[in-house]
Amino acid sequence: MPVYMINTKISSNVPPSYLLYDLCIYRMDSKRNKHSIIDVKQQALQSNYETQRHPTKDINDALSVLYIMEVVLFRKTLLKTIRDSETPFSRLYTLQELTTGKAFSAIDSENPCYFETTGQTRPVSEGENTKIVRIFVPERPFIAKEYPLGSPFDPFEKKKIEGQIFLDFITWIILIRGNQFMRSRGIFIACKWTDRISMRRRRGSYGATAGQK
């Protein structure tokens, strides 16, 4: 099985030697199990703000398989190393994008970012000294490049995903009950509930028959 070398890039206005990063790349299977191919901690950036090129584990997946990339940045100081955010930066890439140097964007806000701003403070009595800082964060971590937010073909639109999950769940129940085969505890409970309703109907029918006699 092949082994790939993968790296990404961050956006920042501080020297890269001041920053460290955690990088985790993984996929989830149908049972929500996490399969990591890269998981490194507090690595140094290169001078061009790119991460090191990290080898993956042996991979037998097709290049079209989607992987989740998570990055956490750390700011080094004289006294300690400070984590930039409690929540990792997350982005979805195909294996092909990861392995061909396309695991970052030309738009700064779509990459892991760390920016610092400085200004000289002064007393309020010396006049207005308000600084405005604008921080742009993507509305969600997964955005398809071909179908951006607002596109009718956006595959990660919330209502579309919820509808697909609901449709798959209903289809699954219909197939299971059609074959009279129970594959999960949830289906077992659903069947028991249906059987209880059937029993009540039968009791009602027996009661009506007895009353008629």
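Here, residue 1 is the first one in the sequence, and each next residue gets the next number. Given the structure is predicted, the values throughout are model-derived calculations rather than measurements.
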> Output the distance between atom CD (Gln96) and atom NZ (Lys102), rounded to the nearest 0.5 Å.
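Rounded to the nearest 0.5 Å, the CD-NZ separation comes out at 6.5 Å.
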
> With distance as the sole test, does Thr99 use its side chain to make a donor-acceptor pair with the main-chain N or O of Tyr4 at under 3.5 Å?
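A pair under 3.5 Å: no.
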
> Could you grab the distance from atom OH of Tyr67 to atom CE of Met28, nearest 0.5 Å is fine?
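Tyr67 atom OH to Met28 atom CE measures 12.5 Å (nearest 0.5 Å).
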
> Main chain of Asn48, side chain of Glu50: is a donor-acceptor contact present, judged purely on distance under 3.5 Å?
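Not confirmed, Glu50 side chain does not pair with Asn48 backbone.
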
> Do you know which of Leu19, Asn111, Asp108 makes side chain to side chain contact (heavy atoms under 4.5 Å, CB included) with Ile10?
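Only match with Ile10 under side chain to side chain contact (heavy atoms under 4.5 Å, CB included): Leu19.
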
> Around atom CZ of Phe115, are there more than 12 heavy atoms of other residues, nucleotides or ligands at under 6.0 Å?
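More than 12 within 6.0 Å, yes.
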
> Please check if the side chain of Thr94 supplies one atom and the backbone of Glu97 the other of a donor-acceptor pair under 3.5 Å.
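Yes, because the side chain of Thr94 sits within donor-acceptor range (under 3.5 Å) of the backbone of Glu97.
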
> State, with a plain yes or no, whether a side-chain heavy atom of Arg91 is found less than 4.5 Å away from one of Glu110.
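Sidechains of Glu110 and Arg91: in contact.
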
> What's the shortest heavy-atom distance between Gln52 and Asn7, and which atoms?
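Between these two residues, the closest heavy atoms are O-CB, 3.3 Å.
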
> Less than 4.0 angstrom from a charged side-chain N to a carboxylate O is my criterion; do Glu116 and Arg75 meet it?
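Salt bridge flag = yes for Arg75 with Glu116.
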
> Ignoring hydrogens and geometry, is there a side-chain-to-backbone donor-acceptor pair from Asp29 to Asn33 under 3.5 Å?
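Indeed, once roles are kept as given, a pair shorter than 3.5 Å links the two residues.
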
> Find out if a path of hydrophobic residues (ILVMFWY) with successive side-chain heavy-atom gaps under 4.5 Å connects Leu45 to Phe104.
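Different clusters: Leu45 never reaches Phe104 through Ile, Leu, Val, Met, Phe, Trp or Tyr contacts under 4.5 Å.
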
> Hydrophobic clustering (ILVMFWY, side-chain heavy atoms < 4.5 Å, transitive) - are Met5 and Ile37 grouped together?
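Different clusters.
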
> Return the minimal non-hydrogen interatomic distance between Tyr21 and Ala44, and the atom names on each side.
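Taking Tyr21 first and Ala44 second, the nearest heavy atoms are CE2-O, 3.4 Å.
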
> What are the two closest heavy atoms between Cys24 and Ser36, and how far apart are they?
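Smallest heavy-atom distance, with atoms named: SG-OG, 4.0 Å.
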
> Side-chain heavy atoms nearer than 4.5 Å, only ILVMFWY residues, links allowed to pass through others: does that put Leu66 and Ile165 together?
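They do share one cluster, since a chain of ILVMFWY contacts under 4.5 Å joins Leu66 to Ile165.
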
> If you round to the nearest 0.5 Å, how far is CD1 of Ile68 from CG of Leu92?
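Here the interatomic distance stands at 6.0 Å.
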
> Could you give me the CA-CA distance, side-chain angles and deciding distance for Tyr114 and Asn13, then say whether side chain to side chain donor-acceptor pair (under 3.5 Å) is met?
CA-CA 7 Å; Tyr114 181 87; Asn13 64 347; over 6 Å; no

> Go through Ile59 and Val3 one step at a time and tell me if the side-chain contact (heavy atoms from CB on, under 4.5 Å) criterion holds.
CA-CA 6 Å; Ile59 303 175; Val3 173; over 6 Å; no

> Regarding Tyr26 and Asp39, do their side chains bring together a donor and an acceptor under 3.5 Å, going by distance alone?
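Judged by distance alone, the side chains do not pair up.
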
> So how far is it from Leu73 CG to Gln42 CD, rounded to the nearest 0.5 Å?
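It is 11.0 Å, given to the nearest 0.5 Å.
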
> Please report the closest heavy-atom contact between Asp61 and Arg27, naming both atoms and the distance.
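Here Asp61 and Arg27 meet closest at OD2-NE, 3.0 Å.
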
> Going from CG on Leu63 to OG1 on Thr100, what distance comes out if it is rounded to the nearest 0.5 angstrom?
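Leu63 CG to Thr100 OG1: 8.5 Å, rounded to 0.5 Å.
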
> Can you tell if the side chain of Ser12 reaches within under 4.5 Å of the side chain of Tyr49, non-hydrogen atoms only?
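A side-chain contact under 4.5 Å exists here.
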
> Would a 4.5 Å heavy-atom cut-off, applied to side chains only, mark His35 and Lys57 as touching?
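His35 vs Lys57: side chains apart.
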
> Determine which pairs satisfy salt bridge (charged side-chain N to carboxylate O under 4.0 Å, His left out) with at least one residue from residues 6-25, sequence neighbours left out, and list them in order.
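Matches after skipping sequence neighbours: none remain.
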
> So, taking the atom named CG in Leu23 and the one named OG1 in Thr8, what distance separates them when rounded to the nearest 0.5 Å?
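The distance works out to 7.5 Å.
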
> Ile25 and Leu98: which non-hydrogen atoms are nearest, and at how many Å?
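So the two residues come closest at CG2-CD1, 3.8 Å.
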
> Could you report the tightest heavy-atom contact between Val72 and Pro88, atom names first, then the distance?
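Shortest heavy-atom separation between Val72 and Pro88 comes out as CG2-CB, 3.7 Å.
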
